Student: 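Let me give you the structure first, and then I'll get to my questions.
In each ligand, atom 1 is the first atom listed, and ligand 1 is the first ligand listed. Start at 1 with the first residue, then count along the sequence. All values reported here derive from a predicted model rather than from experimental measurement.
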Amino acid sequence: MGDEDWEAEIIKPRMSSYVPVFEKDRYSSGANGDTFNRTLASLSEMDDGSSRRDRFMRSRFAAGRSLGNRDPGESNTRENTSTVGGFRVGRSFGNRGFSNNKFEEGDSSGFWRESNNDREDNQTRNRGFSKRGGCQDGNDSEASGSSRRGGRGSFRGCCGGFVLGSPNSKYEQDEGTQHTGGIFGSRRSALTGVGKGDTYQSRSGSGSGRGGYKGLNEEVITGSGKNSWKSEAKGGESGDTQGPKVTYIPPPPPEDENSIFAHYQTGINFDKYDAILVEVSGHDVPPAILTFEEANLCQTLNSNIAKAGYTKLTPVQKYSIPIILGGRDLMACAQTGSGKTAAFLLPILAHMMRDGVTASCFKELQEPECIIVAPTRELISQIYLEARKFSFGTCVRAVAIYGGTQLGHSIRQIVQGCNILCATPGRLMDIIRKEKIGLRQVKYIVLDEADRMLDMGFGPEMKKLISCPGMPSKEQRQTLMFSATFPEEIQRLAGEFLKSNYLFVAVGQVGGACRDVQQTILQVGQYSKREKLVEILRNIGDERTMVFVETKKKADFIATFLCQEKISTTSIHGDREQREREQALGDFRCGKCLALVATSVAARGLDIENVQHVINFDLPSTIDEYVHRIGRTGRCGNTGRAISFFDPESDGHLAQPLVKVLSDAQQDVPAWLEEIAFSMYVTGFSGSTRGNMFVSIDTRKNYPGKSSLNTARFSSQAPNPVDDESWD
Ligand SMILES: Nc1ncnc2c1ncn2[C@@H]1O[C@H](COP(=O)(O)OP(=O)(O)OP(=O)(O)O)[C@@H](O)[C@H]1O
């Protein structure tokens, strides 16, 4: 039974109709701690006391078996709060698009396989033991073009109806209409009006366009591997070459000061950030600063920092701000939710204020001083909002451009003046090819989620970007890279973009999970997952939860399923139109929907207030992705919980890195997971889920002048080279 039987099950949601008897026996028992509140018990139950395994485990994972930062006496059991409020089985549910779509196309047995294109995993990494991937059914292929898209559109229409009603029939024609809700509904006060005029309507072959999402986290990478920066100039907007013209114009963000500076509170563990060990490597490292005052920023910036509610620097800010102010290139790695965005925005803005900016609305050709790229549209919008916040009241103007929106709109935004250009790679390259911006003034290039920006998906575009005509060489610009994860091979690639004397800042362990997230791994077989999900969500009650699944289709199926279960849910993934994605995010941010079912498109960077839970319905294919996903909760010193369904059939390759990540974050490691990790070890499994699993520091291992600087190093936690070999 393949993953695609989710489709069939939506129509007849009883598992028994689709699961062969032998499979049911195998999967439905939920053995080995698949109960939400039995994890600790299962630890001891499952420990068979094997001395060999124990020796192995102790040597590997001794670092973190304690209960760590869990609240004493805390129980996973909650009162069953029964139904989550706000459920709206949309009027359109069940009557849109079913007739022409895959529900009928499909094999009634439900034994479909999913195409790689349906996964939003970064590079279509095939898993060693996975049932997923590889099998490309024609129906599912992106390549099947518009007819297929019609089918998908029909489906989307159906699932879209699960949250909201009242379609806005004008949407298709009225490209100038400003739609409410959406991406700029960031945080509390920005959310008024979300939901009005929403349309979860069918888009079969409609003219609304999809913005060219092609199975990566963002737009299609046209012409990867070609050297010419202009090689796709004739193809129109990246990603829209095969689809209808994109007409969506995102609503403008609220302009009032309260909305601009809306923020959520730092959590009880914010001060504990100070205890995280930091290592900086490279020559002539400027000393860290301890307060915002020490940064010597201008008055307007300081006032904006105060209005944003920032009173104290986070570790990544303490180290990165002086490095950037000192004009150095930087690669910085710090845990999710620890303030990396401000760490690069503040010093860049400070420089711009000091040096003055050239671009203005009176110039014919806009020449931004700073280009910030990130892998997803929603993240770019978020970064833009942060840039707008910190540059409030200054002469610096930030602009956001991203795929899935009308190209003309992006251009119009730019011509009004652009000093900081926040862009997704596809849209950025389109704008450059169309010569809508000049690059000569670029002084800063920021790659947020840099490991993602340099990997196989986006790396070629980034290379093109830095070789575009007019782009200052790396010696003449400052290049800054930030992420919570930095695989070794990516660090090496990054060298091409950075000056040779760049500095490397590692806050805590590179690639480590945020310790404010309580992680629970449950062994749940494929066919018990939905039941378990509903059980957990009911126990969670009205707390905000992100549910990650591995494929776009499954995101819709699970969202629809949850709605059927009367849990108000929406979904975000790359097959939804941009307007729908923004609406979904807006509905989730404002609490209209308590659950957001997402693919990896929402795994990185998104900073949503009050996300208390992350559930990995499907584990991702890499441990880095896991770290980013669970980092959507437990941000900025707040605590959060992540529950992951581990299916030994498909997730075995993650056992080792998961044990490591759990141990390092001082989380419980279930005995059964250690067993699986051990069995992989014994059988010589070397599935590379992340080449850098144990890279803890700058990969320039013998960097001359490398020294421990400024603060203590985390040598006690750094694994030794033997460990590296054993695990990679
Ligand atoms: N010094 C600070 N004081 C208070 N709040 C802060 C501070 N720095 C950042 N924040 C807030 O913390 C939250 C997380 O910051 P941010 O999104 O920059 O994290 P990040 O490290 O980039 O996370 P990710 O790795 O997930 O992208 C944001 O809401 C931000 O406004």
Side-chain angles (χ1 to χ4, degrees), residues 186-188 190 217 260-274 276 289-295 297 301-302 304-321 332-347 372 374-376 378-390 422 446-453 480-486 505-508 510-514 516-517 546 589 600 602-611 614 624-638 640 642:
S186 163
R187 311 222 180 112
R188 285 192 296 265
N217 278 355
I260 290 172
F261 288 100
H263 62 274
Y264 61 81
Q265 296 303 312
T266 56
I268 49 167
N269 290 333
F270 189 75
D271 288 339
K272 291 190 188 161
Y273 280 157
D274 293 338
I276 301 176
I289 53 171
L290 297 178
T291 61
F292 280 112
E293 292 75 51
E294 282 181 60
L297 307 172
L301 271 185
N302 280 329
N304 290 343
I305 289 167
K307 283 188 213 162
Y310 291 21
T311 53
K312 192 174 162 185
L313 291 157
T314 65
V316 70
Q317 293 164 357
K318 286 179 188 170
Y319 288 83
S320 304
I321 290 174
C333 190
Q335 69 184 73
T336 51
S338 66
K340 293 185 286 291
T341 317
F344 60 77
L345 281 177
L346 290 174
I372 301 172
T376 64
E378 291 75 16
L379 181 53
I380 273 300
S381 285
Q382 188 179 292
I383 294 168
Y384 159 71
L385 289 175
E386 292 292 287
R388 190 180 69 136
K389 174 170 80 182
F390 290 123
C422 310
V446 182
L447 272 58
D448 196 19
E449 308 299 341
D451 53 332
R452 178 73 185 93
M453 298 311 298
L480 311 168
M481 303 192 177
F482 284 78
S483 186
T485 52
F486 252 120
V505 170
V507 181
V510 172
C514 171
D516 297 327
V517 181
M546 285 180 82
R589 277 187 198 276
S600 55
R604 284 175 178 257
L606 293 187
D607 184 50
I608 302 168
E609 181 176 12
N610 265 333
V611 175
V614 167
D624 284 342
E625 180 83 3
Y626 171 82
V627 167
H628 286 281
R629 282 185 184 183
I630 67 167
R632 293 320 99 212
T633 183
R635 298 175 71 75
C636 203
N638 293 288

Student: Which of the atoms of ligand 1 are close to Ser338, meaning less than 4.0 Å from one of its heavy atoms?
Tutor: 19 (O), 20 (P), 21 (O)
Student: Is the closest heavy-atom distance from Arg635 to ligand 1 below 4.0 Å?
Tutor: yes
Student: Backbone or side chain, does any N or O of Phe292 fall under 3.5 Å from an N or O of ligand 1?
Tutor: no
Student: Out of curiosity, is Arg604 lining ligand 1, as in a heavy atom under 4.0 Å away?
Tutor: no
Student: Relative to the heavy atoms of Arg632, which atoms of ligand 1 are at a distance of less than 4.0 Å?
Tutor: 26 (O)
Student: Could you check which of Ala308, Gly605, Cys636 puts a non-hydrogen atom nearest to atom 12 (O) of ligand 1?
Tutor: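 The nearest heavy atom belongs to Cys636.
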Student: Give the numbers and elements of all ligand 1 atoms closer than 4.0 Å to a heavy atom of Gln335.
Tutor: 21 (O)
Student: Provide the closest heavy-atom pair for Arg388 versus Ile260 in the form atom of the first, atom of the second, distance.
Tutor: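 Between these two residues, the closest heavy atoms are NH2-CG1, 3.3 Å.
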Student: I'd like to know if the side chain of Glu386 reaches the main chain of Leu345, judged simply by a donor and an acceptor atom lying under 3.5 Å from each other, with no hydrogens or angles considered.
Tutor: no
Student: Does an N or O from Lys312, backbone or side chain, lie closer than 3.5 Å to an N or O of ligand 1?
Tutor: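 Yes; the residue has a nitrogen or oxygen that sits under 3.5 Å from a nitrogen or oxygen of the ligand.
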Student: By number and element, which atoms of ligand 1 are closer than 4.0 Å to a non-hydrogen atom of Gln317?
Tutor: 1 (N), 7 (C), 8 (N), 9 (C)
Student: Got a second to check how far Asn638's CG is from Asp516's CG, nearest 0.5 Å?
Tutor: 8.0 Å
Student: Using a strict cut-off of less than 4.0 Å between a Lys/Arg side-chain nitrogen and an Asp/Glu carboxylate oxygen, indicate whether Asp274 and Lys318 qualify as a salt bridge.
Tutor: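 Salt bridge between Asp274 and Lys318, a charged N being under 4.0 Å from a carboxylate O: yes.
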Student: Can you tell me how far CG of Asp607 sits from OH of Tyr264, rounded to the nearest 0.5 angstrom?
Tutor: 3.5 Å
Student: With nothing but distance in play, are any N or O atoms of Gly337 less than 3.5 Å from an N or O of ligand 1?
Tutor: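 Yes, there is a polar N/O contact under 3.5 Å.
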Student: So for Phe482, does at least one of its heavy atoms come nearer than 4.0 angstrom to any atom of ligand 1?
Tutor: no
Student: Kindly compute the distance separating CG (Leu313) from OG1 (Thr291), expressed to the nearest 0.5 Å.
Tutor: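 Between atom CG of Leu313 and atom OG1 of Thr291 there are 6.5 Å.
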Student: For atom 10 (N) of ligand 1, which candidate among Tyr273, Tyr264, Tyr310, Phe270 provides the closest heavy atom?
Tutor: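 Answer by nearest heavy atom: Tyr310.
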Student: Give yes if a backbone or side-chain nitrogen or oxygen of Thr341 is under 3.5 Å from a nitrogen or oxygen of ligand 1, and no if not.
Tutor: yes
Student: Report yes or no: does Glu449 have a heavy atom closer than 4.0 Å to ligand 1?
Tutor: yes
Student: How many angstroms lie between NZ in Lys340 and SG in Cys333, if you round to the nearest 0.5 Å?
Tutor: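 One finds 7.5 Å between NZ of Lys340 and SG of Cys333.
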Student: Does any N or O in the side chain of Arg632 come within less than 3.5 Å of the main-chain N or O of Leu606, such that one atom is a donor and the other an acceptor?
Tutor: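 Yes; judged by distance alone, with no hydrogens or angles, the pair exists.
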Student: About how many Å separate NE2 of His628 and CZ of Arg452, when rounded to the nearest 0.5 Å?
Tutor: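 The distance works out to 10.0 Å.
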Student: Taking 4.0 angstrom as the limit, do Asp271 and Lys312 come out as a salt bridge?
Tutor: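 Result for this pair is yes, salt bridge flagged.
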Student: State the atoms of ligand 1, each with its element, that fall below the 4.0 Å cut-off from a heavy-atom position in Thr266.
Tutor: 4 (C), 5 (N)
